[in-house]
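First the structure, in the form of structure tokens, and then the observations on it.
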There are 2 protein chains.
Amino acid sequence: MGHMTTESKAAKSALPASPPLTERQEARRRRILHTSARLASRGGFDAVQMREVAESSGVALGTLYRYFPSKVHLLVATMQDQLQHMHETLRKRPPSEEDPGARVAQTLMRAFRALQREPHLADAMVRALTFADRSVSPEVDTVSRLTTAIILDAMGLDGPPTPEQLSAVRVIEHTWHSALITWLSGRASIAQVKIDIETVCRLIDVTAPGTAGPSR
Amino acid sequence: MGHMTTESKAAKSALPASPPLTERQEARRRRILHTSARLASRGGFDAVQMREVAESSGVALGTLYRYFPSKVHLLVATMQDQLQHMHETLRKRPPSEEDPGARVAQTLMRAFRALQREPHLADAMVRALTFADRSVSPEVDTVSRLTTAIILDAMGLDGPPTPEQLSAVRVIEHTWHSALITWLSGRASIAQVKIDIETVCRLIDVTAPGTAGPSR
DNA sequence: CGGTAATCTAGAACAAGTTTCAGAACTGAT
DNA sequence: ATCAGTTCTGAAACTTGTTCTAGATTACCG
């Protein structure tokens, strides 16, 4: 593995709020993201090789780097893309449970089973996400907001969440990412992940307004 | 970094099926780990360059790779080393709180402040840990067991932990790692990490035996 | 349409992780 | 002390992420 620059020196902030892309450019971007997901599905993080992504997308290497300043940027963007699909899919079938905690657990396990179908892709995306350094913060933040939105959606709250609930959601996100990693690296079974998710989701019910807090 | 005095074999059972190392070999290994930590402290993950580690440890590159089959292996081993120190240090000053949850939160925040003193080193170790693939599973597992031991120690239980408590500890570990990453990549403040840690530690009290569970 | 600036292409070049190999140095057993 | 087997060294080679450059294309503007 070559060079995984932690600190990208000349960060050419191309993406956020930049000039609108032309038709051809949008198509190129799509092609690249599609290729990225395809290669990742085949062999995970290592199988996404920048030269191959470029060639297979019909784009020069330099152009690929203009669109996505690093491999990690590319994979995080791929994750954004996939998460948006998942958000829509999940939204179509809201969870059947009653309690917010159980609803979140059910939704996350659905998401988990979806990822299970493409474990290599999941591997590439999650590894990129946790390996990302400061130069990718905005993109990682977007992924985080998407994940938060999925969880809040699943909770099915009436009003806005309380600060305590937001804390619980953050912790759930932490657990979600980390549990995913332990599963992907073969150190935890699916059953174990399920237990962890269900355990952490109890925090939702514990922090629900109107419910007596824990005994402290 | 004075390395350990005499310690029981139990602590360093990292390499299960390897032949015992000679004196010179043990010294080489320690030199390498020391160099790794030194370079990491200076510039994080990227500053730990295998050629430089080898040269600065007075060892050939091929030898470095014989001892640690990849950069990630090296950094995870470095983390094992540092965690052992931290475990001993923390054990010397047990937390002052009463409730197990609060004790764990206090201990983890102490550990966190220790890491804050060498943020680059923390960055290198944690990034390696979460980037590790299957080939590093045994070593990552050792780190996980060490972390679990630290948390269980902090809880100060009388008897053995219940399965529910073990689940809570797993979730706390997830949160710990993930919160660390968000802090290291500049996406969360120290205050935010503190809140997350304290939030997840409520799970400990919630799952304490003899306490009524949440209202579900 | 002509001109100009931005974008894209092809390919070389560079950086750092990893592998390989021939020979020197060390180890343990006879 | 000698021999066989392992370990270590030094150096080159290979891989893949990343950068750079010169020229071709394209997009936009008057």
Side-chain angles (χ1 to χ4, degrees), chain A residues 1-15 18-29 31-32 35-36 39-40 43-78 124 127-128 131-133 135-136, chain B residues 18-29 31-32 35-36 39-40 42-78 124 127-128 131-133 135-136:
Chain A
M1 211 176 288
H3 203 191
M4 281 272 121
T5 48
T6 288
E7 224 58 60
S8 204
K9 41 208 83 171
K12 43 182 76 171
S13 56
L15 295 167
S18 23
L21 300 182
T22 72
E23 197 58 39
R24 291 170 60 83
Q25 286 174 325
E26 190 59 47
R28 271 197 204 100
R29 188 167 192 281
R31 261 186 349 253
I32 293 173
T35 303
S36 168
L39 292 182
F45 189 89
D46 290 344
V48 180
Q49 304 196 351
M50 299 303 270
R51 287 172 229 269
E52 193 172 350
V53 172
E55 189 179 354
S56 182
S57 306
V59 125
L61 190 54
T63 305
L64 172 55
Y65 272 95
R66 168 184 285 275
Y67 281 71
F68 302 97
S70 78
K71 175 168 174 173
V72 169
H73 281 84
L74 170 58
L75 284 172
V76 171
T78 303
R127 293 260 292 288
F131 193 65
D133 61 28
S135 71
V136 205
Chain B
S18 6
L21 300 181
T22 72
E23 197 57 39
R24 293 170 58 85
Q25 286 175 324
E26 190 59 47
R28 269 196 206 100
R29 186 168 194 280
R31 249 174 14 239
I32 293 172
T35 303
S36 168
L39 292 181
R42 237 172 4 86
F45 189 89
D46 288 348
V48 181
Q49 304 197 350
M50 299 304 269
R51 288 173 229 266
E52 193 172 350
V53 171
E55 189 179 353
S56 181
S57 306
V59 125
L61 190 55
T63 305
L64 172 54
Y65 273 95
R66 168 183 283 276
Y67 281 71
F68 302 97
S70 78
K71 175 169 173 171
V72 169
H73 281 85
L74 171 58
L75 284 172
V76 170
T78 303
R127 294 263 292 288
F131 193 64
D133 63 11
S135 71
V136 204

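Below, chains carry the letters A, B, ... as their sequence lines are ordered, and counting in each starts from 1.
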For atom [atom1] of [X] and atom [atom2] of [N], their distance in whole Å:
| X | N | atom1 | atom2 | result |
| --- | --- | --- | --- | --- |
| A:Glu23 | D:dT26 | CD | C1' | 15 Å |
| B:Arg127 | C:dG17 | CZ | P | 13 Å |
| A:Phe131 | D:dT16 | CZ | P | 17 Å |
| B:Tyr65 | D:dT7 | OH | P | 19 Å |
| A:Leu75 | D:dT16 | CG | P | 16 Å |
| A:Glu55 | C:dT9 | CD | C1' | 13 Å |
| A:Glu26 | D:dA27 | CD | C1' | 17 Å |
| A:Arg66 | C:dC8 | CZ | P | 6 Å |

Least distance between heavy atoms, A:Ala40 atom then A:Ala124 atom:
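Taking every non-hydrogen atom into account, CB-CB, 3.8 Å.
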
Return the minimal non-hydrogen interatomic distance between A:Arg127 and A:Phe45, and the atom names on each side.
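Distance-wise, the nearest heavy atoms are CB-CD1, 4.2 Å.
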
Counting the atoms with a prime plus P, OP1 and OP2 as sugar-phosphate, which does A:Val48 contact under 4.0 Å by heavy atoms, base, sugar-phosphate, or nothing?
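If one applies the 4.0 Å heavy-atom cut-off, A:Val48 turns out to touch the sugar-phosphate alone, with no base involved.
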
If you look at every strand shown and take non-hydrogen atoms under 4.0 Å, does B:Ser70 touch a base, only sugar-phosphate, or nothing?
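Since only primed, P, OP1 and OP2 atoms lie under 4.0 Å of B:Ser70, the category is sugar-phosphate.
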
Identify, with sequence neighbours excluded, every residue that meets side chain to side chain contact (heavy atoms under 4.5 Å, CB included) alongside B:Ala132.
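Side chain to side chain contact (heavy atoms under 4.5 Å, CB included) list for B:Ala132, sorted by chain: B:Val72, B:Val136, B:Val140.
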
Any heavy-atom pair between the side chains of A:Met50 and A:Leu74 that's under 4.5 Å?
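Touching, per the 4.5 Å side-chain cut-off.
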
The criterion is side-chain hydrogen bond (donor to acceptor under 3.5 Å, both in side chains); which residues satisfy it with B:Thr35, sequence neighbours excluded?
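B:Thr35: side-chain hydrogen bond (donor to acceptor under 3.5 Å, both in side chains) contacts with B:Ser57.
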
Apply side-chain hydrogen bond (donor to acceptor under 3.5 Å, both in side chains) to B:Ser70 and list each qualifying residue two or more places apart in sequence or on a separate chain.
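If we apply the side-chain hydrogen bond (donor to acceptor under 3.5 Å, both in side chains) test to B:Ser70, skipping adjacent residues, the hits are B:His73.
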
Let me spell it out: for each of B:Arg24 and B:Pro69, pick the nucleotide of DNA chain C with the closest heavy atom. Which residue's pick is nearer the 5' end?
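Taking each residue's closest nucleotide, the earlier one in sequence belongs to B:Pro69.
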
So, OP1 or OP2 of D:dC8: does either fall under 4.0 Å of a side-chain N or O from B:Gln25?
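The answer is yes; a side-chain N or O of B:Gln25 sits under 4.0 Å from OP1 or OP2.
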
Should B:Tyr67 be listed as having a side-chain N or O under 4.0 Å from OP1 or OP2 of D:dC8?
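Yes, because at least one side-chain N or O of B:Tyr67 sits under 4.0 Å from OP1 or OP2 of D:dC8.
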
Which atoms of nucleotides 9-13 of chain D (N or O only) lie under 3.5 Å from a protein N or O atom, and what are those distances?
unit_1, atom_1, unit_2, atom_2, d
D:dT9, OP2, B:Ala60, N, 3.0
D:dT9, OP2, B:Thr63, OG1, 2.7

Passing candidate, side chain to side chain contact (heavy atoms under 4.5 Å, CB included) with A:Ile32, options A:Thr78, A:Thr63, A:Leu64:
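Exactly one pass, corresponding to A:Leu64.
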
Net bend of the helix from C:dC1-D:dG30 to C:dT30-D:dA1, end axes of five pairs each, nearest 10 degrees:
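Comparing the first five pairs with the last five, the axes sit 20° apart.
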
According to the salt bridge (Lys or Arg N to Asp or Glu O under 4.0 Å) rule, which pairs have a member within residues 49-71 of chain B, sequence neighbours left out?
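Listed by first then second residue: B:Arg42-B:Glu52.
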
